Amino acid sequence: MISFNSVNVAFDGRTVLENLSLELREQRIGIIGWNGSGKSTFSRLINGLQSPTSGSVTVAGLDTTKDGGKVRRKVGFVFQNPDNQIVYPIVKEDIAFGLKGLKLPKEERDHRIQQIFDQYQLSHLRERLTHQLSGGEKQMIALMGVLVMQPDIIILDEPTTLLDLRNKARLMETVNSLPQQILMVTHDLELLDGFDRVLMFHEGRLYQDGSPPDVIKTYREISLSC
Amino acid sequence: MLTLYVPRNSWLHRLPAGAKFLALIGVGTAIFWVPNIEIMAGVALISCLLFASAKIPLMKVYDQLKPAFWALLIIFLAQWYLEGLEYAGYVTLRFTALILLASLLTLTTRSDAMIAVIEKALRPFDRWISVEKVSLAFSLTLRFIPLMRSVTAEVREAQKARGLDRSLIALMIPVIIRTLKTATEVGEAVEARMVDND
Ligand SMILES: Nc1ncnc2c1ncn2[C@@H]1O[C@H](COP(=O)(O)OP(=O)(O)O)[C@@H](O)[C@H]1O
Ligand SMILES: [Mg+2]
């Protein structure tokens with residue numbers, strides 16, 4: 001479970017998130033809001049990439065600031081641009097990257113990697129050069145690099161923004177099939193169909209928190225009225 | 001874009017990356033003992049022939065030397081002024097041969113093989129340096145080459161569309177900003193993917 005306890009975040013004295021307290025238990029949580037409303041800041045608090053200015057964030061009881069490394073083992077993060085997330089030139093090496101930190105025996109490591117390729121039918125990409133993949137393939141590989149770590153929670157920050165319609169559908173099919181708790185920041189509101197809960201950030205605060213249809217309705221009204 | 005690697009079926013491609021690395025270090029050192037310009041010219045010529053025997057088109061030789069052209073010209077002119085024409089030719093040929101041989105390594109070796117060689121070479125020093133970190137740094141460097149290239153091309157195009165095609169500053173500023181921004185994001189993604197063992 002993810003828990004925010006009176007969290008404030010300010011950059012150079014400018015408040016971005018104010019006095020936020022909430023618990024996130026649902027399996028599928030969407031995060032929406034205008035550009036600059038604090039969605040990424042909120043997501044990054046959960047895996048300790050961002051520390052609160054005051055207050056605390058915990059994941060399964062671990063403080064994300066103090067136990068960043070342990071928290072990141074539980075929380076996988078997929079960024080908007082896979083080009084920035086993929087660090088090795090060959091696909092299979094990139095998938096292996098996070099596993100190196102776990103100091104698993106080589107057989108176990110190779111086994112896990114193969115399992116991921118098999119499960120998602122991506123074996124044909126194994127030996128490919130990462131920079132030569134299509135945008136859709138890159139985002140899938142970025143996701144595989146996260147899944148191979150077997151996290152409990154996966155955060156996706158605008159994962160479909162750079163994808164065409166077909167790749168968007170493909171990525172979401174995979175995401176929706178995952179057993180993990182998912183938090184997804186998105187501007188593609190239709191992707192939130194079937195989600196359990198949507199958070200909407202606006203004017204430095206959690207403006208609305210509820211079921212997808214209600215929150216999306218408010219969001220549309222606010223966005224189109226100005 | 002990046003990968004300098006050109007897939008071909010040649011003996012140089014098949015040669016293990018480690019052997020090529022050692023050969024490059026050996027030849028790169030030996031080349032400083034070449035006594036005169038005639039032999040140096042021979043070395044440079046052989047380097048070109050190696051490209052041919054690796055089935056890499058000679059256009060690639062030109063591609064490899066093009067970015068270094070101005071540096072080579074400056075070296076040539078400076079040495080001519082300081083040491084005379086023959087010595088200038090000798091030094092310039094030496095650098096040319098070195099560039100060609102180093103390119104030959106990158107053109108015929110896949111980046112994963114190079115990383116593997118580096119990891120292997122560093123393994124004995126595991127206790128003092130983090131092999132994973134060095135290999136990560138190397139991979140990131142390899143990744144940044146195509147990035148810098150594509151960013152520069154994109155920015156140049158955008159600026160041309162605005163009629164700014166002659167301004168170096170107008171080109172450099174967005175390129176630097178975008179590269180720094182990407183570097184920050186990559187750093188963050190690396191952090192997100194690094195985990196503790198317990
Ligand atoms: N590292 C930072 N330093 C200064 N300001 C930041 C930093 N990160 C985010 N901000 C600011 O915080 C606000 C929220 O940003 P962000 O969480 O990225 O929004 P969103 O993801 O919703 O577009 C923006 O005004 C942004 O400029
Ligand atoms: Mg954002």
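Throughout, a chain's letter reflects where its sequence line sits, starting with A, and its residues are numbered from 1. Because the structure is a prediction, the values reported are computed rather than measured.
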Quiz item: Above 12 or not: heavy atoms from other molecules or residues under 6.0 Å from NZ of Lys74(A)?
Solution: no
Self-check item: Within 6.0 Å of CG in Leu165(A), more than 12 heavy atoms from elsewhere
Solution: no
Quiz prompt | Approximate separation, where rounding is to 0.5 Å, of Ile90(A) CD1 and Ile115(B) CD1 | solution = 7.5 Å
Quiz item: Can you name the closest pair of heavy atoms from Arg110(B) and Glu127(A) and give their distance?
Solution: NH2-O, 2.9 Å
Quiz item: Any side-chain heavy atom of Glu188(B) sitting closer than 4.5 Å to one from Arg44(A)?
Solution: yes
Quiz item: Is it true that atom OH of Tyr62(B) has more than 12 heavy atoms of other residues, nucleotides or ligands lying nearer than 6.0 Å?
Solution: no
Exercise. Report, as yes or no, whether the 6.0 Å neighbourhood of atom CH2 on Trp80(B) holds more than 12 heavy atoms from other residues, nucleotides or ligands.
Key: no
Quiz item: For Asn47(A) and Ala192(B), which heavy atoms make the closest approach, and how far apart are they?
Solution: ND2-CB, 3.8 Å
Quiz item: If you count the non-hydrogen atoms of other residues, nucleotides and ligands that lie under 6.0 Å from NE2 in His111(A), is the total more than 12?
Solution: no
Quiz item: Is any side-chain N of the basic residue among Lys100(A) and Glu119(B) closer than 4.0 Å to the acidic one's carboxylate O?
Solution: yes
Quiz item: Are there more than 12 heavy atoms of other residues, nucleotides or ligands under 6.0 Å from atom CD of Glu38(B)?
Solution: yes
Quiz item: Is a side-chain N or O of Arg193(B) found less than 3.5 angstrom from the main chain of Ile86(A), in a donor-acceptor match?
Solution: no
Quiz item: What distance separates Asn81(A) CG from Thr182(B) OG1, expressed to the nearest 0.5 Å?
Solution: 7.5 Å
Exercise. Against chain B, label Tyr88(A) side chain, backbone, both or neither, depending on which of its atoms sit under 4.5 Å from a heavy atom there.
Key: both
Exercise. Against chain B, label Gln85(A) side chain, backbone, both or neither, depending on which of its atoms sit under 4.5 Å from a heavy atom there.
Key: both
Self-check item: Leading residue by heavy atom contact count with chain B [cutoff under 4.5 Å; candidates Asp83(A), Thr130(A), Val146(A)]
Solution: Asp83(A)
